[in-house]
4 protein chains.
Amino acid sequence: MSDSLQELRNRINHFVIERDWAQFHTPKNLAMAMIVEAAELVEQFQWDTPAESIELTPEKREAVSHELADTFVYLLRLAEVLNIDLIEAANQKINLNALKYPVEKVRGSNAKYTSYSED
Amino acid sequence: MSDSLQELRNRINHFVIERDWAQFHTPKNLAMAMIVEAAELVEQFQWDTPAESIELTPEKREAVSHELADTFVYLLRLAEVLNIDLIEAANQKINLNALKYPVEKVRGSNAKYTSYSED
Amino acid sequence: MSDSLQELRNRINHFVIERDWAQFHTPKNLAMAMIVEAAELVEQFQWDTPAESIELTPEKREAVSHELADTFVYLLRLAEVLNIDLIEAANQKINLNALKYPVEKVRGSNAKYTSYSED
Amino acid sequence: MSDSLQELRNRINHFVIERDWAQFHTPKNLAMAMIVEAAELVEQFQWDTPAESIELTPEKREAVSHELADTFVYLLRLAEVLNIDLIEAANQKINLNALKYPVEKVRGSNAKYTSYSED
């Protein structure tokens with residue numbers, strides 16, 4: 001794992017240990033905490049048109065940045081307590097997705113895999 | 001941003017462009033896609049006790065790893081389309097959290113900020 | 001609570017007891033199960049434009065109907081195990097919302113309460 | 001649909017029309033709003049043990065009741081704009097679930113359908 005990402009993980013771990021919060025950080029609880037933060041991100045965009053969701057005011061951009069950060073922090077904690085390398089996990093999943101969604105079949109389409117896999 | 005994380009972002013961007021999927025990747029849509037993946041992670045743990053959520057079978061561990069990866073990929077895409085540096089955003093948010101949750105006040109407690117900030 | 005709603009609650013309770021599943025139905029677990037179903041509903045609409053999300057094919061309409069039903073069933077179970085009357089709770093919350101969002105201030109606007117409450 | 005549920009739906013519709021908010025209530029947006037409320041419910045329980053999630057203080061009980069109500073209101077709006085009868089949809093889904101989870105196979109088990117359906 002890369003330097004700045006490893007530094008961030010170390011910093012989060014230190015933050016948690018200092019506060020004696022590791023006792024609450026079971027995968028079950030962390031998955032709940034992560035989806036709560038993901039929902040706070042969804043809330044930022046819920047009444048926007050898709051186009052409006054791109055043009056953010058500075059205030060909204062900061063709020064979105066904070067919610068992205070909170071979601072990322074819990075994602076890193078989950079990976080930490082489960083001892084999963086996020087970068088490696090992502091690369092493996094993209095390998096699978098590349099097989100599942102071949103370019104020539106899905107190009108420009110938002111149809112789900114199931115829609116065309118039954119051809 | 002670090003090398004392996006930058007490589008992963010580049011790989012994801014390439015994956016999306018090849019499939020002409022960027023047209024669907026508004027922040028609104030990506031926030032929805034991310035919470036859907038986060039929920040698939042929650043689903044893995046929904047009937048577990050907190051203790052059970054730590055002891056994963058190899059099959060469940062792989063499933064959890066895939067859901068973590070999917071959530072991470074959409075988080076990276078969101079950061080990409082909004083031009084937000086995730087590492088920097090996380091570090092800034094942790095700075096704020098350190099002020100909001102001072103060690104001496106929250107040590108070992110799962111009480112929310114609001115509970116003690118009204119002291 | 002009304003007759004058809006009470007009948008549905010009774011039917012769900014019977015379904016759960018027959019399967020000896022009440023042991024898993026803590027509020028924590030049910031809240032997780034409910035958000036998983038809510039996310040399956042979000043998934044149905046994630047790549048749609050808002051306009052497309054109204055015009056459903058018969059297949060998609062059926063899928064949406066199933067996800068709505070699953071979310072509703074877990075909502076009713078949560079209310080059941082917490083002994084909360086959903087109809088009464090909703091009416092009380094709407095009373096509060098009516099004070100929080102006075103017609104003359106919010107008409108036609110999707111701005112959040114916080115935006116105008118600081119006037 | 002039953003009287004008190006129909007009354008509640010009428011009240012919610014009136015609330016929305018008075019504020020000219022129907023323009024924002026596409027199924028896509030309502031699904032987002034509903035999952036945001038479902039997450040606020042999850043937040044109430046995220047650091048609790050399953051046992052703690054049952055024993056609520058009066059304050060927490062009221063907060064939980066409000067989040068349940070908010071989720072229910074958006075569920076009813078979604079059913080309204082899609083012209084789906086929630087009671088009927090739930091009954092049809094329970095019919096399907098009864099076939100998918102036969103009592104003799106799943107009694108007392110939290111295993112998923114997929115686990116035993118491959119027998």
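Every value quoted in this text rests on a predicted model; they were computed, and no experiment measured them.
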S.K.: Any side-chain heavy-atom pair from C/I35 and D/L41 closer than 4.5 angstrom?
M.R.: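 No, their side chains stay 4.5 Å or more apart.
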
S.K.: For D/A38 versus C/M34, what's the shortest heavy-atom pair and its separation?
M.R.: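 The pair with the smallest heavy-atom distance is CB-CE, 3.9 Å.
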
S.K.: Could you tell me whether the side chain of C/R61 reaches within less than 4.5 Å of the side chain of D/I84, counting heavy atoms only?
M.R.: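 Sidechains of C/R61 and D/I84: in contact.
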
S.K.: For the residue pair C/N91 and D/R11, what are the closest heavy atoms and their distance?
M.R.: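 Residues C/N91 and D/R11, closest heavy atoms: OD1-NH1, 2.9 Å.
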
S.K.: Would you check if the side chain of D/K93 reaches a backbone N or O of C/H66 as a donor-acceptor pair within less than 3.5 Å?
M.R.: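 Checked: no pair found.
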
S.K.: Does C/Q23, at its CD atom, have more than 12 non-hydrogen atoms belonging to other residues, nucleotides or ligands within less than 6.0 Å?
M.R.: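 Check passes, neighbour count above 12.
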
S.K.: Quick one: are C/I94 and D/L8 in side-chain contact, heavy atoms under 4.5 Å?
M.R.: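 Side-chain contact under 4.5 Å: yes.
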
S.K.: Between C/D70 and D/N97, is there a side-chain heavy-atom distance shorter than 4.5 Å?
M.R.: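 Yes; the side chains approach each other to less than 4.5 Å.
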
S.K.: List the atom of D/A90, the atom of C/V73, and the distance in Å for their closest heavy-atom pair.
M.R.: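 Smallest interatomic distance, heavy atoms only, reads CB-CG2, 4.4 Å.
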
S.K.: What distance separates C/S65 OG from D/D85 CG, expressed to the nearest 0.5 Å?
M.R.: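 Between atom OG of C/S65 and atom CG of D/D85 there are 9.0 Å.
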
S.K.: Give, as side chain, backbone, both or neither, the part of D/A98 having an atom under 4.5 angstrom from any heavy atom of chain C.
M.R.: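 Answer is both: backbone and side chain atoms of D/A98 are under 4.5 Å from chain C.
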
S.K.: Do D/T26 and C/T49 have side chains that get closer than 4.5 Å, going by heavy atoms?
M.R.: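 No. Closest side-chain heavy atoms not under 4.5 Å.
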
S.K.: Where the side chain of D/W21 meets the backbone of C/R107, is there a donor-acceptor pair that is under 3.5 Å apart?
M.R.: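 Side chain of D/W21 to backbone of C/R107, a donor-acceptor pair under 3.5 Å: no, none is there.
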
S.K.: Pick whichever of D/L30, D/V103, D/I54 has the most heavy-atom pairs under 4.5 Å with chain C.
M.R.: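 Counting heavy-atom pairs under 4.5 Å, the top option is D/V103.
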
S.K.: Under a 4.5 Å cutoff for heavy-atom pairs, which residue among D/N29, D/N95, D/V81, D/L96 has the most contacts with chain C?
M.R.: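 Option with the top pair count is D/N95.
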
S.K.: Counting only heavy atoms closer than 4.5 Å, note whether D/F72 contacts chain C via side chain, backbone, both or neither.
M.R.: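 Answer is both: backbone and side chain atoms of D/F72 are under 4.5 Å from chain C.
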
S.K.: Please classify the contact between D/E18 and chain C as side chain, backbone, both or neither, with a heavy-atom cut-off of under 4.5 Å.
M.R.: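 It is both, since atoms from each part get that close.
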
S.K.: Taking all non-hydrogen atoms of both residues into account, name the closest pair between C/F24 and D/S109 and its distance.
M.R.: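 Minimum heavy-atom separation between C/F24 and D/S109: CE1-C, 3.8 Å.
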
S.K.: With only heavy atoms counted, which part of D/L56 is less than 4.5 Å from chain C, the side chain, the backbone, both or neither?
M.R.: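 When you check distances to chain C, only side chain atoms of D/L56 fall under 4.5 Å.
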
S.K.: How long is the gap from CZ on D/R19 to CD on C/E104, to the nearest 0.5 Å?
M.R.: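 Output value for this atom pair is 9.0 Å.
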
S.K.: Would you name the heavy atoms of C/S53 and D/L82 that are closest together and state the gap between them?
M.R.: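 Distance-wise, the nearest heavy atoms are O-CD2, 4.3 Å.
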
S.K.: Please name the pair of heavy atoms, one in D/A31 and one in C/V42, separated by the smallest distance, quoted to 0.1 Å.
M.R.: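 That would be O-CG2, 3.6 Å.
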
S.K.: Most heavy-atom pairs under 4.5 angstrom with chain D, which of C/A69, C/A89, C/G108?
M.R.: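 Counting heavy-atom pairs under 4.5 Å, the top option is C/G108.
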
